[in-house]
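Let me begin by presenting the structure, written as structure tokens, before commenting on it.
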Amino acid sequence: MDFYTQLFLYVSILYISLYLLFLVFRKKSSVPNLPPGKKGWPIIGESPAFVGAAKSGCPEKFINDRTAKYSPDVFRTSLLGEDMAVFCGAAGNKFLFSGQNKYITTWWPTSMKKVAIFPETMEKFNKDDPKKMRSFLPEFLKPEALQCYIPIMDSMTREHMESDWSPYKEVKVFPLTKNYTFALACRLFMNIKDPKVVSKFADPFARIAPGFTSVPINVPGTPFNRAVEGGKVIRQELLNIIRQRKQEISEGKDANARDLLTRLLTEADDDGSVYYEMDTSNKIIGLLIASHDTTSTSITVIVNYLASLPHIYEKVYKEQMEIAKSKTPGELLNWDDIQKMKYSWNVACESMRLTPPAQGSFREAITDFTFAGYTIPKGWKTFWTVYTTHKNPKYFPDPEKFDPSRFEGNGPAPFTYVPFGGGPRMCPGKEYARLEILIFMHNLVTKFKLEKVNRDEKIIYNPSPVPSNGLLIRLQPLK
């Protein structure tokens, strides 16, 4: 072999080697820097660990273990059969809350859609539907409109206390508050007053929430199956009500009705067509889920703290009695009364900080984006959760202490206290929930002293916080 042939061979080998190295380097450099973490088991991912931590009464354990092991900013997991990035801390909350329709969009887990939505509308159910629904809510839930609902809320709460609390020495709070908040939501959202009609909804509705975050395997006896069957009953009952209401509207009955259902059936959507019956049902179910389940849970945990902490109860009682003494016999609460309940609302906020009514919310990435140096690919799901801030000593010193003074003045730092979310997607029913909670607190503490029967009763999450025995409370009527 002559010199030139050898030289050509050596150069060729060198060139091929360098080219192969270049391809390997380019391939490695093109792999996105995904958040640290693990996906867990095939299909089910880390859902069993997520649900197990919640049912043990310590849902924050799932989050805290992974932020300590992987990253305090964002970590990767797999929940509900989806690749998921869990955003952490105030910075993570702020990024997701401000990134709506820029980086992320609304996403409903398959289990939730199969439970709450008509199968016939599943393909048409899109990310614009929540946006259309929210266009109605500001008008319905703005302070001017809510002021009109205060007398209704107060009168219904008084009736509830008289019929379901006063005759008894002991009551289980959780089932009572679920019935109360559901009846109130049916009255205000759909103008349903008949207790028999409300009860047709209440029983199947109780089966829905536990199936939302379950593995969507529709086998008899599973939480998902019970939720699906409950959803079928609710949708059919709603269809009956919607058809009856449409008939009443066509006949000119109750022309001045202010409830949301009537508005949905008389308003046209963006393309000029009238809302279809099933589409309207989907929206009402979503609103009932959001308003009823979380509010009943919030009221229950507030009662738990009032019954457990006598010094907190006494301060709330003093504030509420000053308002009660300013009223004439039989006079209902009004907007000005609500504004005086500052300490009571601080107590409610601290209760929801320590025992949040909801764990967080899901979104879907609509483009590749970077956060904290990590790439979140398009199509991945994201999750923000209250548990990265609510009990974090960085944001709330001595986080396990019940301290309503945290909410005095300017209150907690932005994006640290997030039971209602934040940004453009903040819960539009926040003010509605505030009214319902404060009116309930007023009627409760001005009628009874409270004693928790089982001080060691455990709170489990399914997915909202639920007292394991319904929160049994001993009542002492006040003169």
Side-chain angles (χ1 to χ4, degrees), residues 116 118 132-160 162-164 177-206 208 233-269 274-296 332-335 428-429 431-437 439-440:
F118 275 96
K132 292 177 183 177
M133 183 64 181
R134 290 172 72 90
S135 68
F136 283 90
L137 293 180
E139 179 71 23
F140 184 76
L141 298 174
K142 65 183 182 180
E144 293 82 358
L146 288 172
Q147 291 184 40
C148 301
Y149 308 142
I150 293 175
I152 299 174
M153 288 182 171
D154 192 23
S155 62
M156 286 190 67
T157 309
R158 293 183 184 191
E159 293 170 5
H160 170 69
E162 190 64 29
S163 62
D164 294 346
T177 59
K178 288 187 79 70
N179 291 339
Y180 158 75
T181 57
F182 194 74
L184 187 58
C186 287
R187 172 71 181 277
L188 296 179
F189 298 156
M190 297 185 289
N191 199 30
I192 295 176
K193 304 174 185 178
D194 188 346
K196 293 181 180 179
V197 177
V198 173
S199 66
K200 288 183 179 180
F201 283 103
D203 292 338
F205 216 90
I208 283 183
V233 175
I234 291 170
R235 291 195 298 271
Q236 187 56 53
E237 291 295 335
L238 261 179
L239 271 185
N240 296 337
I241 290 170
I242 288 168
R243 287 164 181 165
Q244 180 181 348
R245 185 66 53 84
K246 288 178 72 175
Q247 180 67 27
E248 293 170 354
I249 292 171
S250 67
E251 295 172 356
K253 296 180 180 179
D254 212 5
N256 297 320
R258 295 177 176 177
D259 63 283
L260 186 63
L261 175 58
T262 300
R263 283 209 58 195
L264 286 171
L265 293 173
T266 54
E267 295 280 352
D269 63 15
V274 177
Y275 277 96
Y276 295 104
E277 293 171 347
M278 289 182 179
D279 187 49
T280 302
S281 173
N282 292 342
K283 291 173 171 60
I284 292 294
I285 289 176
L287 187 61
L288 286 173
I289 291 169
S291 64
H292 152 66
D293 213 52
T294 55
T295 310
S296 62
L332 297 170
L333 293 171
N334 56 45
W335 183 257
E431 191 63 21
Y432 169 86
R434 186 176 81 97
L435 291 182
E436 189 172 1
I437 289 169
I439 290 170
F440 188 94

What closest approach, in Å, do [X] and [Y] show between heavy atoms, and which atom pair accounts for it?
X: Ile242; Y: Ser281; value: CD1-N, 3.7 Å
X: Leu184; Y: Tyr432; value: CG-OH, 4.2 Å
X: Ala116; Y: Asn282; value: O-OD1, 3.9 Å
X: Val233; Y: Pro204; value: CG1-CG, 3.8 Å
X: Met153; Y: Tyr180; value: O-OH, 4.4 Å

TODO: Assess whether atom CD of Glu162 is packed by more than 12 heavy atoms of other residues, nucleotides or ligands within 6.0 Å.
DONE: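 No, CD of Glu162 has 12 or fewer neighbouring heavy atoms, counting only those of other groups under 6.0 Å.
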Is the closest side-chain heavy-atom distance between [X] and [Y] below 4.5 Å?
X: Ile192; Y: Val198; answer: yes
X: His160; Y: Phe440; answer: yes
X: Lys283; Y: Leu260; answer: no
X: Tyr149; Y: Leu435; answer: no

Nearest-0.5 Å distance, [atom1] of residue [X] to [atom2] of residue [Y]:
X: Glu431; Y: Leu146; atom1: CD; atom2: CG; value: 6.5 Å
X: Ile249; Y: Leu265; atom1: CD1; atom2: CG; value: 5.0 Å
X: Cys186; Y: Ile241; atom1: SG; atom2: CD1; value: 7.0 Å
X: Ile208; Y: Ile234; atom1: CD1; atom2: CD1; value: 3.0 Å

- [ ] Show your reasoning for whether side-chain hydrogen bond (donor to acceptor under 3.5 Å, both in side chains) applies to Gln236 and Asn240.
- [x] CA-CA 6 Å; Gln236 187 56 53; Asn240 296 337; 3.3 Å; yes
TODO: Using side chain to side chain donor-acceptor pair (under 3.5 Å) as the criterion, point out the one residue from Thr280, Thr262, Asn191 that pairs with Arg245.
DONE: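 When side chain to side chain donor-acceptor pair (under 3.5 Å) is applied between Arg245 and each of Thr280, Thr262, Asn191, only Thr262 qualifies.
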Open item on the list: Quick one, Leu333 with Ile439, criterion side-chain contact (heavy atoms from CB on, under 4.5 Å). Give me CA distance, side-chain angles, the key distance, then yes/no.
Closed with: CA-CA 8 Å; Leu333 293 171; Ile439 290 170; 4.1 Å; yes
TODO: Sequence neighbours left out, what passes side-chain hydrogen bond (donor to acceptor under 3.5 Å, both in side chains) with Asp154? Give chain and number order.
DONE: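 side-chain hydrogen bond (donor to acceptor under 3.5 Å, both in side chains) list for Asp154, sorted by chain: Arg158, Asn443.
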